[in-house]
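Notes follow the structure.
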Amino acid sequence: MQLVIIADIDAAKGTSTTSELATEYADNVTFIECDVTNQESVEDTLGKAKDTYGRLDIISNNAGAMMENDPIGTINLNLCGVIRVAAVAMSYMRADKGGSGGIIINTASLTGVKPSYNCPAYCASKSGVIGFTRSFAMNPDFDLHKVRMNCLCPGMVDTPMIQGVLDEDGKEGRVLNFDRFRYAANLPQLKPSAVADVFIDLVENESKNGAAMLITVEGPPRDIEFPIY
Ligand SMILES: NC(=O)C1=CN([C@@H]2O[C@H](COP(=O)(O)OP(=O)(O)OC[C@H]3O[C@@H](n4cnc5c(N)ncnc54)[C@H](O)[C@@H]3O)[C@@H](O)[C@H]2O)C=CC1
Ligand SMILES: CCCCC/C=C\C=C\C(=O)C/C=C\C/C=C\CCCC(=O)O
């Protein structure tokens with residue numbers, strides 16, 4: 001049986017999503033309010049998950065936002081949040097410390113490899129997520145801890161994030177050039193299910209470790225190839 005915990009800072013949205021899923025998955029889905037920028041909140045959330053279900057197998061490190069009006073906050077959420085969650089999750093997942101191994105999948109972005117003058121802090125945070133993922137996965141201790149780490153690099157996805165930038169907040173600086181953003185927001189967008197499909201592939205394909213998966217409307221998903229120095 002697969003058991004899922006949805007953790008999000010938005011308790012109203014998290015609870016309603018969990019209720020929707022409960023119609024199909026009953027009590028197998030639980031919501032916990034969590035702020036990934038807060039160490040105590042992350043420890044509390046993952047501690048509860050471990051206590052409830054006995055172990056952690058799969059972490060989706062997905063929380064993120066675009067807010068160029070707060071560049072340091074952007075790094076703290078999008079990059080430090082990922083690192084914070086991974087560190088606490090590792091303490092439960094490591095096969096050499098009583099866990100069963102597993103996989104952590106971080107959501108980066110196409111902007112992690114394709115720069116945009118419109119959202120430099122966001123791009124930096126996502127480049128950081130890619131660098132963290134690839135570096136973590138190179139650690140020779142993998143043979144001991146048995147936790148794989150990969151990341152997703154989608155282009156624009158049709159989610160509330162785009163609308164969130166387009167609304168009044170956007171005009172107050174979530175992106176640096178609102179007209180350019182409005183143009184970009186009208187380009188073709190991925191469906192969230194296209195990203196979810198790649199997520200499932202990464203879970204199932206045990207040879208994948210340290211991959212950064214490019215997902216765009218232009219073609220099938222593929223591994224990003226990086227230069228070797
Ligand atoms: N929508 C897009 O075009 C793309 C999005 N992404 C990334 O995908 C991920 C998911 O974003 P979307 O679903 O598009 O946006 P979304 O805005 O619908 O979802 C982001 C979620 O993160 C949560 N969140 C924000 N701050 C948090 C915090 N401090 N602690 C815990 N949860 C927090 C929000 O409440 C929200 O539920 C993000 O990391 C985003 O950067 C990547 C590529 C493209
Ligand atoms: C101007 C940036 C668009 C902002 C849209 C809101 C959220 C997007 C999150 C992403 O991670 C988007 C991923 C890829 C965007 C790719 C191209 C956008 C073009 C940006 C530009 O040319 O300035």
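Each ligand, and each atom within it, is numbered from 1 in the order the structure gives. Computed from a predicted structure; not experimentally measured.
For a threshold of 3.5 Å applied to N or O pairs, the pair formed by Asn78 and ligand 1 contains no separation below that value. Residue Ala7 has no N or O atom closer than 3.5 Å to an N or O atom of ligand 1. Some N or O of Val157 is nearer than 3.5 Å to an N or O of ligand 1, by distance alone. Considering backbone and side-chain atoms alike, Ser109 places every N or O at 3.5 Å or more from each N or O of ligand 1.
When the shell of 6.0 Å around CE of Met138 is examined, it contains 12 or fewer heavy atoms from other residues, nucleotides or ligands.
Close approach to Asp10 involves these atoms of ligand 1, each under 4.0 Å from a residue heavy atom: 35 (O). Taking every heavy atom of Lys13 and a limit of under 4.0 angstrom, the matching atoms of ligand 1 come to 36 (C), 37 (O). Of all atoms in ligand 1, numbered sequentially from 1 with element shown, those under 4.0 Å from a heavy atom of Thr107 are 7 (C), 8 (O), 9 (C). Each of the atoms 28 (C), 29 (N), 30 (N) of ligand 1 lies under 4.0 Å from some heavy atom of Asp35. Listed by number with element, the atoms of ligand 1 under 4.0 Å from a non-hydrogen atom of Leu77 are 26 (N), 27 (C), 28 (C), 29 (N). Shown in contact with Ile162 at under 4.0 Å from a heavy atom are these atoms of ligand 1, numbered in order with element: 3 (O). The Asn62 neighbourhood of ligand 1 comprises atoms 8 (O), 9 (C), 10 (C), 38 (C), 39 (O), with distances under 4.0 Å to a heavy atom of that residue. Atoms of ligand 1 found under 4.0 Å from any heavy atom of Met156 (numbered from 1 in listed order, with element): 3 (O).
Scanning the protein for heavy atoms near atom 3 (C) of ligand 2, the closest one is Phe181 CD1, 3.3 Å. Protein heavy atom in closest approach to atom 1 (C) of ligand 2: Asn118 ND2, 3.4 Å. Distance from atom 8 (C) of ligand 2 to its nearest protein heavy atom, with residue and atom name: Met66 CE, 3.8 Å. Nearest protein heavy-atom neighbour of atom 18 (C) of ligand 2: Ala184 CB, 4.1 Å. Scanning all protein heavy atoms for the shortest distance to atom 13 (C) of ligand 2 gives Ser109 OG, 3.4 Å. Nearest to atom 9 (C) of ligand 2 among the protein's heavy atoms is Tyr122 OH, 3.3 Å.
The residue from Glu68, Met161, Arg180 that puts a heavy atom closest to atom 7 (C) of ligand 2 is Met161. Among Cys153, Ser116, Ala185, the residue whose heavy atom lies closest to atom 20 (C) of ligand 2 is Ser116. One option in Gly112, Gly155, Ser60, Gly64 has a heavy atom closer to atom 44 (C) of ligand 1 than any other, and that option is Gly155. Checking Met161, Gln163, Glu33 against atom 40 (C) of ligand 1, the nearest heavy atom belongs to Met161.
A heavy-atom separation below 4.0 Å is not found between Gly64 and ligand 2. For Gln189, the closest heavy-atom approach to ligand 1 does not fall below 4.0 Å.
Under the 4.5 Å side-chain criterion, counting only non-hydrogen atoms from C-beta, Ile105 is not in contact with Thr107.
Atom 19 (O) of ligand 1 is never approached by the protein to below 4.0 angstrom, counting heavy atoms only.
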The test is side-chain hydrogen bond (donor to acceptor under 3.5 Å, both in side chains); show your working for Tyr53 and Thr30 and say whether it passes. CA-CA 11 Å; Tyr53 293 152; Thr30 312; 2.9 Å; yes
